[in-house]
Amino acid sequence: HTLPREEFTSIALDLVSTYNQSYRDMMVKSGMSCDLSLGYNTIDSRSQKTSQKSFIELAKKGIAYREDKPSPWCCKCRTSVAAAELEDKDLESVFNYLNFRLADGSGTIPIATTRPEFLPACVAIFVNPEDERYTHLIGKKVLVPLFEENQVEIKADSKVGIDKGTGIVMCCTFGDQTDAEWWKEYHLELKQAIDDGGRMTEIAGKYAGMKSIEARKAIIEDLKAQNYLYKQDPITHAVKVHERCEEPIEFLSKKQWFIRTSTPELKQKWLDLGNELVWHPESMKARYMAWVSNLNQDWSISRQRYFGVPFPVWYCAKCGAVKYAETSELPVNPLTSNPRSACACGSTEFVPESDVMDTWATSSVTPQINCNWAENEEECASKMPMDMRFCGRDIITTWCLRTIIKAYYHQGCLPWKNLIVNGWVMADKGIKISKHLANSKMNLNDLLTNYGADVIRYWCANGAYGRDVMFSDEGLKDGLKLQNKIWNASKFVLSFMEGYVPSKPKTILPMDRYIMNKFNEAYEKTYAFYEDVEMGYAKNEIEKFFWNFCDNYIEISKKRLYQPEVYGEDAKQSAQWACYNVLLGMLKLFAITMPHITEEIYQNYFRQFEKEKSIHLCKLSKIDVENEDNIIANGDMVIDIVSRVRQFKSENKLSLKTEIDYIKISNTDLSFVTDCESDIKAVTSVHEIKYETAPFDVEIGNAILEENK
């Protein structure tokens, strides 16, 4: 705070620029395909201008307003915080049971509290109107322990839990959100016992200046000494803490800027927009709906931080009126500039607003920043809603909701059509990997160096959206195995393509037609998953087909590729045509997950025949092949026949090259099998195939062992 804000911002932006380049390099290295020219910083002039324009527009419409009312406050960070920035944390505490004396001398009432340091701020006592134990006390006055000069009235409210504690609650300004609601509803006195730094104020008497936790200990000792405290119970309870620093929050009443979000009409609008949005996965919508349904506070956007987007506001020193900056002069810093015109009262003296906006006040206008709304509203309107946003499940209630709110207020629509919600990568059960905890086995640069981008991307694609996934070395090893297999299988197939110019042959053999139709089936499933942004399912679908292609089809067709002098040149060209189309099709689908190895293979061979200079510019498409009835089922049957012969050899500890004297194939329709007889014999080393019209079965004859040849 000893630096001018501009100097601090300049230093921060210098640091940011260093990290920006590091992030950009990492993004390029990991194969991210996005327009890096669209980058921006949340504190740069374009972002500030957009955020300030948004604020002024909402303020002039009365949607943004300034008011002195209780809101969550972090005494460690010394700033207000929004409800969405709070987390529940289980903390150990003590229920202190106190006797409060009735002012008329007729006795005492029992009250249990975990925070006796709030006694100086006690402004009322509440009981449940249906609690027969205490209804006769309603309207009576009570003396506050240690502060008996304060007399407070006993009131009735249904929010008091009959079965919680003693069933009698003291209302202090402000122990929690309920206290704030009672204070407003019953027009109670405002007494703040804790200041914005977490110390006791003057109304705490001899405890003034103490940290609240120190005052609690001192007050408990005095309560014991003066016989107010009659029992203590240790407890563990959920306490609201600030997510940034995990400090328990207080409720302080300060003048802050808010955006209207919580009226019944507005809440219904946010629910309607949530239903209009397409969620991936659909289950994540429930989190949004539950949060909006329970929304009971307007969005607090004032922050008492130093680094941030300033409010473009001054206050007239004479009449207190708000003076907004002109849109044409944005961005502005009111601490170093003055309004261009006098106040309506004639005064030219102004007090600048020193607060900055909540981070989410800028993050919520990221669509408007990228659509250049601050410079061209019509152009921005034509680009919204955008197609999709990726969002962590932990910020649905902050980034997602607030961006929806801003887009509705400014453009009257959703900011994007689809919301893709990802889970967390977990370091251990219940603990996510985070920069804050520094609990990752390796940082991304180490992983990229040791495994390569394609393997890391493969591992990332294993996770389903909305679900957490444990970090696993085994997953990386699987990716490495697949990467090596793609390279080796492509190298093997392309070894038969030397001098080959792709052209559709007059005759395509049955198993070649089968594998191309099988690819088209896998393509449709894979593409559907990609369209639904289910990367893991898409990857699994094409990977399953790839292993079938390698383990079965290549084995079935390779003798035709190896020995055209035996099987014929036409048979070789048929297999070459199938291999060219299927391998290229698979590489295109794999390219989304594994962009580098697929590009390398494309450039080494396919680039000379394809129109596009990169595989990533190619159009995804099915193979142009006739779709025959039952061809996939028939081809699968042939692969089953081959697999049974292989299994027979394996179980009998025979080499796969061992010759078999015959196999007998039974099926109700043998036409496809007979057409594939040459391929079956070639891959199984079977001398003779016998056929029988009957339910499907495969009978395997004797192996022709070396001594019997």
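The chain is numbered in sequence order, starting from 1.
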Check: Glu214 and Tyr207 side chains under 4.5 Å, non-hydrogen atoms: no
Measure across Val81 and Trp73 and return the closest heavy-atom pair with its distance rounded to 0.1 Å. CG2-N, 4.3 Å
So Asp179 and Phe118, do their side chains get closer than 4.5 Å, heavy atoms only? no
Among side-chain atoms of Ser80 and Arg303, is any donor-acceptor pair under 3.5 angstrom? yes
Glu181 and Gln297: side-chain donor and acceptor closer than 3.5 Å? no
Checking Asp355 against Trp257: is there a side-chain donor and acceptor pair closer than 3.5 Å? no
Donor on one side chain, acceptor on other, Ser51 and Thr362, under 3.5 Å: yes
Ring geometry between Trp183 and Phe174 (parallel below 30°, tilted from 30 to 60°, perpendicular above 60°): perpendicular
Pair Trp299 and Phe55, ring centroids less than 6.0 Å apart: no
Is the shortest heavy-atom distance from the side chain of Leu271 to the side chain of Ser293 under 4.5 Å? yes
How far apart are the closest heavy atoms of Ala193 and Ala121, and which atoms are they? CB-CB, 3.9 Å
From the options Leu330, Val332, Val309, Asn333, select the one residue that forms a side chain to side chain contact (heavy atoms under 4.5 Å, CB included) with Gln48. Val309
Val533 and Asn418: side chain to side chain contact (heavy atoms under 4.5 Å, CB included), yes or no, with the steps? CA-CA 10 Å; Val533 206; Asn418 295 271; over 6 Å; no
Is the closest side-chain heavy-atom distance between Thr366 and Arg389 below 4.5 Å? yes
I'd like to know whether Cys400 forms a side chain to side chain contact (heavy atoms under 4.5 Å, CB included) with Trp416, so could you lay out the CA-CA distance, the side-chain angles of the two residues, the decisive distance to 0.1 Å, and finally the verdict. CA-CA 10 Å; Cys400 171; Trp416 0 259; 4.1 Å; yes
Could you tell me which non-hydrogen atom of Pro116 sits nearest to which non-hydrogen atom of Leu223, and how far apart they are? CB-CD1, 4.1 Å
With side-chain hydrogen bond (donor to acceptor under 3.5 Å, both in side chains) as the test, pick out the partner of Tyr315 among Arg66, Lys255, Lys323. Arg66
Step-by-step salt bridge (charged side-chain N to carboxylate O under 4.0 Å, His left out) determination, Arg260 to Glu265: CA-CA 11 Å; Arg260 301 188 193 279; Glu265 296 78 16; over 6 Å; no
Testing the basics here: between His242 and Leu86, what is the closest heavy-atom pair and its distance to 0.1 Å? CA-CD2, 4.4 Å
Measure up the Tyr65 and Phe258 rings against each other and bin them: parallel (under 30°), tilted (30 to 60°), perpendicular (over 60°). parallel
State, yes or no, whether a side-chain contact exists between Thr178 and Val169 at a heavy-atom distance under 4.5 Å. no
Salt bridge Lys155-Glu185, side-chain N to carboxylate O under 4.0 Å: no
N-O pairing of Asp68 and Lys254 below 4.0 Å: no
Does one side chain, of Asn96 or Thr113, offer a donor that lies under 3.5 Å from an acceptor on the other? no
Walk me through it: do Ile109 and Tyr134 pass the test side chain to side chain contact (heavy atoms under 4.5 Å, CB included)? CA-CA 9 Å; Ile109 58 171; Tyr134 305 126; 5.6 Å; no
Between the side chain of Thr397 and the main-chain N/O of Trp291, is any donor-acceptor distance below 3.5 Å? no
Pairwise side-chain contact, Thr236 with Leu91, heavy-atom cut-off 4.5 Å (strictly under): no
Could you check if a side-chain atom of Trp360 sits within less than 4.5 angstrom of a side-chain atom of Leu401, using non-hydrogen atoms only? no
Between Leu252 and Ile194, which heavy-atom pair has the shortest distance, and what is it? CD2-O, 3.3 Å
Check step by step if side chain to side chain contact (heavy atoms under 4.5 Å, CB included) holds for Gln52 and Met357. CA-CA 9 Å; Gln52 290 183 341; Met357 294 186 204; 4.1 Å; yes
Would you mind checking if Glu57 and Lys61 are paired as a salt bridge, meaning a charged N to carboxylate O distance below 4.0 Å? yes
Which heavy atom in Glu353 sits nearest to a heavy atom in Leu335, and how many Å separate them? O-CD2, 4.1 Å
Looking at side-chain heavy atoms only, is the closest gap between Thr135 and Val127 below 4.5 Å? no
Lys/Arg N to Asp/Glu carboxylate O, Lys432 vs Asp468, below 4.0 Å: no
Which word best sums up how the rings of Phe126 and Tyr186 line up, parallel for under 30°, tilted for 30 to 60°, or perpendicular for over 60°? tilted
